[in-house]
Amino acid sequence: MRKKVIAGNWKMNNDLNGTVSLISDLKKELNGNNVEVEVIICPPFTSLETASTLLKDSTIKLGAQNMYFEENGAFTGEVSISMIKSVGCEYVILGHSERRTIFNESDQVINKKIKTAIKFGLKPIFCIGETLEEREKGITFKVVETQVQNGLKDLSESDLSNLIIAYEPVWAIGTGRNATPQQAQEVHQFIRGLISKLYSSNFARQLVIQYGGSVKADNAKELLSQPDIDGALVGGACLKADSFAKIINAV
Ligand code: PGA
């Protein structure tokens with residue numbers, strides 16, 4: 001059985017004060033009752049150390065929203081893997097569509113980042129998904145396949161034991177328009193089949209594939225009950241403790 005994984009991507013929200021209040025509200029809402037679900041929060045870099053301290057007595061895990069692939073050096077404005085590890089991160093979101101579109105991250109850059117994450121023992125949440133134009137052209141599977149093949153290039157099954165894939169259709173992110181459970185399930189099933197072809201059916205069966213894109217308390221249950229949807233990557237709805245907790249409780 002795959003464990004359900006619910007991750008909250010705070011994006012560029014919450015300064016330190018906001019971080020302290022959101023985490024304390026979330027801990028109260030969950031009250032330690034989330035043992036059967038892996039819960040992860042991904043605050044901005046500036047809040048990670050504070051978040052890590054606040055989460056010491058909690059089962060909630062910490063992730064970063066990005067990192068650079070080089071280990072250190074003259075890369076002004078970038079943050080390295082040892083930096084995010086040293087403040088308590090266990091996970092890192094890589095290849096988010098906002099990174100791909102606004103910051104021009106290519107599949108090749110994302111592949112390097114995934115390799116760095118694996119080399120240093122961080123668990124990557126690898127995001128993929130098609131735009132509205134690509135869906136309307138009927139090339140969703142092709143787009144997702146290319147992103148998977150390029151993003152995981154030169155990585156073996158044993159490298160990927162801690163990988164999570166997040167399928168996030170770009171047209172559903174922050175738009176209030178989620179994929180229907182059937183639309184999401186269809187792509188998740190395709191991704192699992194692809195992983196089975198590229199690696200093995202055993203590995204594909206164990207791989208956690210999250211859905212992301214306008215997941216909310218009122219649609220989480222139906223999405224998460226699909227056979228190939230193993231969790232959610234939540235943006236907007238994770239910024240309020242009660243709505244994030246409702247999604248977790250929907251599992
Ligand atoms: P959303 O964002 O839940 O606000 O649509 C999801 C994401 O970007 O990961």
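Whatever order the structure lists ligands and atoms in, that order sets their numbers, starting from 1. Counting begins at 1 with the first residue of the sequence.
Side-chain atoms of Arg192 come within 3.5 Å of backbone N or O of Ala204 as a donor-acceptor pair.
Using modelled atom types and a 3.5 Å distance limit, the side chains of Thr131 and Glu134 yield a donor-acceptor pair. No hydrogens or angles considered: nothing links the side chains of Glu70 and Ser80 as a donor-acceptor pair under 3.5 Å. No donor-acceptor contact under 3.5 angstrom links the side chains of Tyr167 and Gln147, judged on distance only. In this model, a donor atom of one side chain and an acceptor atom of the other lie less than 3.5 Å apart for Asp228 and Gln185.
Among the candidates Leu94, Ile84, Ile114, the single residue satisfying the side chain to side chain contact (heavy atoms under 4.5 Å, CB included) test with Leu122 is Ile84.
Residue contacts with ligand 1 do not include Ala237, since none of its heavy atoms lies under 4.0 Å from the ligand. The closest approach between any non-hydrogen atom of Gly213 and ligand 1 is below 4.0 Å. Residue contact check for ligand 1: Lys216 places no non-hydrogen atom closer than 4.0 Å to it. At least one heavy atom of Ala172 sits closer than 4.0 Å to an atom of ligand 1.
By the 3.5 Å distance cut-off applied to N or O atoms, Ile173 is not counted among the residues near ligand 1. Some N or O of Gly235 is nearer than 3.5 Å to an N or O of ligand 1, by distance alone. Ligand 1 has no nitrogen or oxygen under 3.5 angstrom from a nitrogen or oxygen of Thr175.
Atoms of ligand 1 lying under 4.0 Å from at least one heavy atom of Gly174, given by number and element, are 1 (P), 4 (O), 5 (O). Near Gly236, meaning under 4.0 Å from any of its heavy atoms, are these atoms of ligand 1: 1 (P), 3 (O), 4 (O). Within ligand 1, counting atoms from 1 as listed, the ones closer than 4.0 Å to a heavy atom of His96 are 7 (C), 8 (O), 9 (O). Residue-ligand proximity, Leu233 to ligand 1, at heavy-atom distances under 4.0 Å covers atoms 6 (C), 9 (O).
Regarding atom 7 (C) of ligand 1, its nearest protein heavy-atom neighbour is Glu168 OE2, 3.1 Å.
Counting non-hydrogen atoms of other residues, nucleotides and ligands closer than 6.0 Å to CD of Glu133 gives a total of 12 or fewer. The neighbour count for Glu222 CD, taken as heavy atoms of other residues, nucleotides or ligands under 6.0 Å away, does not exceed 12.
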